[in-house]
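Notes follow once the structure below has been shown.
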Amino acid sequence: MVKILQSNEQNVRLIVKNTGRHEAVIEDVIYPFNKYSLTVQTDKGVKLYEVSIRAQDTVQDMIDSLIDSRNYIIRNTKDIENMETTIEYKKYEKDTIEVAPEMAEIFE
C-alpha cells in the first residue's frame, strides 16, 4: 500500500480492511477489483483512504502490480478529525476460565 500512498509524515499505524469487490473498465476490458479501506495514523493525524486494487492471483502479484497506476483507483480520501470511540491497543491475554469442582468435592 506504500506504493499507492506516499507522504512525508511518519506512519504510526496502518489498518487495512477488505470491503468487497467491484469491476472497472481499463482500456475497454472489464477487470475485477478488490476494495480496501486504509486507515493511516501518522504523527500529524488520521486519514481514511478508500482504494480499489485490481485482483491478482496472489498477494505478491497484487503488490507488484501497484507499479502501474492503472491497477489501482483511489476512490476517496478523508481526514478523520473526531474519533467517536477510542482505540485501545493491548497485547492479547487469554481469558481465565474457572472450572467447576468435581461433584465429589461438593458433597464432602
Starting at [atom1] of [X], measure out to [atom2] of [Y] and round the result to the nearest 0.5 Å.
X: Met62; Y: Gln56; atom1: CE; atom2: CD; value: 8.5 Å
X: Thr39; Y: Ile80; atom1: OG1; atom2: CD1; value: 5.5 Å
X: Lys35; Y: His22; atom1: NZ; atom2: NE2; value: 6.0 Å

message = Before you tell me yes or no, could you show the steps for Val46 and Val40 under side-chain contact (heavy atoms from CB on, under 4.5 Å), namely the whole-Å CA-CA distance, both residues' side-chain angles and the distance that decides it to 0.1 Å?
response = CA-CA 6 Å; Val46 179; Val40 181; over 6 Å; no
task = Test Ile15 against Leu38 for side-chain contact (heavy atoms from CB on, under 4.5 Å), laying out the working first.
result = CA-CA 6 Å; Ile15 301 169; Leu38 309 174; over 6 Å; no
Residues in salt bridge (Lys or Arg N to Asp or Glu O under 4.0 Å) contact with [X], at least two apart in sequence or another chain:
X: Asp68; answer: Arg70
X: Asp57; answer: none
X: Arg21; answer: none

Cluster companions of Val29 among Ile, Leu, Val, Met, Phe, Trp, Tyr (side-chain spacing under 4.5 Å) = Ile26, Tyr31, Phe33, Ile73
remark   = Heavy-atom nearest pair, Ser65 first then Asn71, reads O-ND2, 2.9 Å
key: Nearest heavy atoms of Val16 and Tyr36, plus distance in Å   = CG1-CD2, 3.9 Å
Just jot down the side-chain hydrogen bond (donor to acceptor under 3.5 Å, both in side chains) partners of [X], sequence neighbours excluded, or say none.
X: Arg75; answer: Ser52
X: Thr58; answer: Asp61
X: Glu23; answer: none
X: Asn76; answer: none

